[in-house]
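Following: one structure in structure tokens, then a few remarks.
Below, each value reflects all heavy atoms present in this structure, side chains not excepted, and no hydrogens, waters or symmetry copies. Below, chains carry the letters A, B, ... as their sequence lines are ordered, and counting in each starts from 1.
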2 protein chains.
Amino acid sequence: MVPATGLRDTLLDHAIVMLEAGEAEPGIRALARAAGVSAMAPYRHFADKAALLAAVAERGFALFLDALSAADAEGSDAERLVAQGVAYVDFACAHPALFRAMFARGAAAPKQPDAPAFAILTRRVAALVGADDPTAALGCWAIVHGMATLALDGGVTLMPEQVRAVLRTYVAGIVAVMRDCPTPGPSPEGEG
Amino acid sequence: MVPATGLRDTLLDHAIVMLEAGEAEPGIRALARAAGVSAMAPYRHFADKAALLAAVAERGFALFLDALSAADAEGSDAERLVAQGVAYVDFACAHPALFRAMFARGAAAPKQPDAPAFAILTRRVAALVGADDPTAALGCWAIVHGMATLALDGGVTLMPEQVRAVLRTYVAGIVAVMRDCPTPGPSPEGEG
DNA sequence: CTGCGTATGTGTACGGTGTAAACAGCGGAG
DNA sequence: CTCCGCTGTTTACACCGTACACATACGCAG
């Protein structure tokens with residue numbers, strides 16, 4: 001069914017499949033059962049359940065980065081930023097369990113702001129405002145992450161236009177704030 | 001109201017204490033042990049673990065509402081909104097496990113936008129923009145909830161000034177957008 | 001070939017969990 | 001008094017993560 005070279009990949013494949021099917025947390029034994037091996041076999045490849053879930057999260061972040069990169073492909077900086085935000089929320093809604101696993105508080109996964117999946121957003125914000133602005137980047141990240149989380153665990157139903165509108169409002173706020181107190185940086189160019 | 005001032009409340013008390021102590025999920029048996037009763041006793045007061053956690057979440061939301069109300073006490077609309085946002089994030093950081101339990105995807109708790117704990121924010125946004133604006137309210141909610149979530153489960157460390165700055169930027173964006181299109185028809189109302 | 005170490009998977013076992021089923025004390029209604 | 005509903009107990013089952021000991025299969029030294 002799954003062209004996997006070893007048990008390790010087979011387990012991760014099944015974990016992804018289970019998560020996409022709505023399973024909350026695959027679990028070592030269920031995974032081993034799905035892979036057709038004994039309950040203890042996974043421990044030859046993962047120290048414990050947390051390590052397995054961390055590996056799953058790593059795969060999720062790879063897919064996530066792909067989605068964000070695709071959205072960041074073309075347009076002005078502002079357009080790309082908004083598109084990234086929509087892709088962020090879309091990814092969470094399309095893969096809710098995987099997204100939750102990625103951001104579970106156990107997974108010591110790349111969740112820091114300088115991780116690849118977020119650096120792409122931070123970079124776009126920096127391009128937009130003309131300088132590195134951790135606060136602006138945090139704001140954008142928080143907005144999209146907040147909407148994603150609320151859509152997943154809250155009772156909120158989101159539409160792409162809403163996501164876009166919220167993000168555009170924040171971008172407008174960045175521009176307005178920049179106009180008030182311009183940052184000492186390279187020549188400020190129109191956001192396009 | 002609630003006909004039991006006995007074991008039910010005791011269990012909830014211990015659940016809160018355990019959550020505040022950093023426990024991830026109290027668990028029926030652990031709770032019963034802490035209360036000094038048998039493992040099955042809690043089932044006389046809660047249908048199952050999810051119901052118990054939902055009751056815990058309800059308590060959490062009461063505390064949460066208190067915190068937000070206190071922050072909303074005085075100042076201009078914009079100031080109150082920002083203060084509410086800071087209080088939102090502060091609450092999450094001060095009671096991480098409780099906050100997570102409140103927003104866990106099992107708890108059918110008041111997480112809808114019209115729940116008391118969020119209505120206070122929505123109302124303040126409405127007062128700020130001069131009309132009901134679900135999108136603006138969603139944006140504010142998403143921003144603070146995103147920062148809270150990232151602070152809890154991501155590796156993000158937040159400072160109150162940062163929270164304030166992000167929120168103020170969004171408010172500036174709302175104002176800027178309002179200036180552009182002063183009378184936006186009731187935006188494509190997301191279903192509540 | 002034998003012997004051996006390493007990597008991988010198996011079997012068994014322990015303590016934890018949520019929870020279903022049957023039972024026991026106890027206060028109020030007839 | 002008996003009967004009943006509420007509350008808590010005991011017992012039991014299935015599932016979980018995982019520690020331990022064992023089996024199997026490999027490449028390699030002699």
Side-chain angles (χ1 to χ4, degrees), chain A residues 1-19 21-59 97-98 100-102 104-109 153, chain B residues 1-59 97-98 100-102 104-109:
Chain A
M1 51 185 86
V2 194
T5 58
L7 179 57
R8 188 192 149 94
D9 284 350
T10 304
L11 289 169
L12 292 180
D13 287 345
H14 282 286
I16 300 281
V17 169
M18 284 189 188
L19 283 175
E23 214 75 8
E25 267 206 356
I28 292 270
R29 289 175 108 109
L31 243 26
R33 221 177 298 129
V37 297
S38 76
M40 286 304 293
Y43 285 90
R44 293 293 155 194
H45 302 275
F46 303 98
D48 54 10
K49 187 183 176 182
L52 196 158
L53 291 180
V56 171
E58 202 171 339
R59 281 203 176 188
L98 181 57
R100 270 190 284 257
M102 286 160 55
R105 82 188 154 299
D153 296 341
Chain B
M1 202 172 177
V2 191
T5 55
L7 182 56
R8 186 191 150 97
D9 284 349
T10 305
L11 289 168
L12 293 180
D13 287 345
H14 281 286
I16 299 281
V17 169
M18 284 190 189
L19 282 174
E20 298 291 358
E23 214 76 6
E25 267 205 358
I28 293 271
R29 291 176 105 108
L31 242 27
R33 222 177 297 129
V37 296
S38 76
M40 289 302 293
Y43 285 91
R44 292 293 151 197
H45 303 274
F46 303 99
D48 54 10
K49 186 182 176 182
L52 196 157
L53 292 180
V56 172
E58 204 171 337
R59 281 203 175 188
L98 181 57
R100 269 190 285 258
M102 286 161 55
R105 81 189 157 296

Just list the side-chain donor-acceptor pairs under 3.5 Å for residues 15-25 of chain B, sequence neighbours left out, or say none.
{"residue": "B/Glu20", "atom": "OE1", "partner": "B/His95", "partner atom": "ND1", "Å": "3.1"}
{"residue": "B/Glu20", "atom": "OE2", "partner": "B/His95", "partner atom": "ND1", "Å": "2.9"}
{"residue": "B/Glu25", "atom": "OE1", "partner": "B/Lys49", "partner atom": "NZ", "Å": "2.7"}

Write down the distance between CZ (B/Phe46) and P (D/dT7), rounded to a whole number of angstrom.
12 Å
Derivation and outcome, side chain to side chain contact (heavy atoms under 4.5 Å, CB included), residues B/Leu98 and B/Val56
CA-CA 8 Å; B/Leu98 181 57; B/Val56 172; 4.1 Å; yes
Residues A/Ala39 and A/Ile28: closest non-hydrogen pair is O-CG2, 3.6 Å
Separation of C/dT10 P from A/Tyr43 OH (nearest whole Å)
14 Å
Rounded to 10 degrees, the angle between the two terminal axes of the helix from C/dC1-D/dG30 to C/dG30-D/dC1, each from five pairs:
30°
Write down the protein N/O and nucleotide N/O pairs, taken from nucleotides 21-27 of chain C, whose separation is under 3.5 Å; answer none if there are no such pairs.
none

Might you point out which heavy atoms bring A/Ala32 and A/Ser38 nearest each other, and give the distance in Å?
CB-O, 3.2 Å
Those residues that, when tested against B/His14, pass side chain to side chain contact (heavy atoms under 4.5 Å, CB included) (two or more places apart)
B/Thr10, B/Leu31, B/Ala34, B/Ala35
Suppose we screen for side chain to side chain contact (heavy atoms under 4.5 Å, CB included). Which residues come up paired with B/Phe46, at least two apart in sequence or across chains?
B/Arg8, B/Leu11, B/Leu12, B/Ala51, B/Leu52, B/Ala55
Winner on side-chain proximity to B/Ser38, out of C/dT10, D/dT18, D/dT9, is D/dT9
My understanding is that only residues two or more places apart in sequence, or in another chain, count here; which of them pass side chain to side chain donor-acceptor pair (under 3.5 Å) with B/Asp13?
B/Arg59
Pairs touching residues 27-44 of chain A that satisfy salt bridge (Lys or Arg N to Asp or Glu O under 4.0 Å), sequence neighbours left out
none
Reckon B/His45 has a side-chain N or O less than 4.0 Å from the OP1 or OP2 of D/dC6?
no
Which ones in residues 22-32 of chain A lie close to DNA chain C, meaning a heavy atom under 4.0 Å from one of its atoms?
A/Arg29
Would you classify A/Arg8 as touching base, sugar-phosphate or nothing, given that sugar-phosphate means primed atoms plus P, OP1 and OP2, and contacts are heavy atoms under 4.0 Å?
nothing
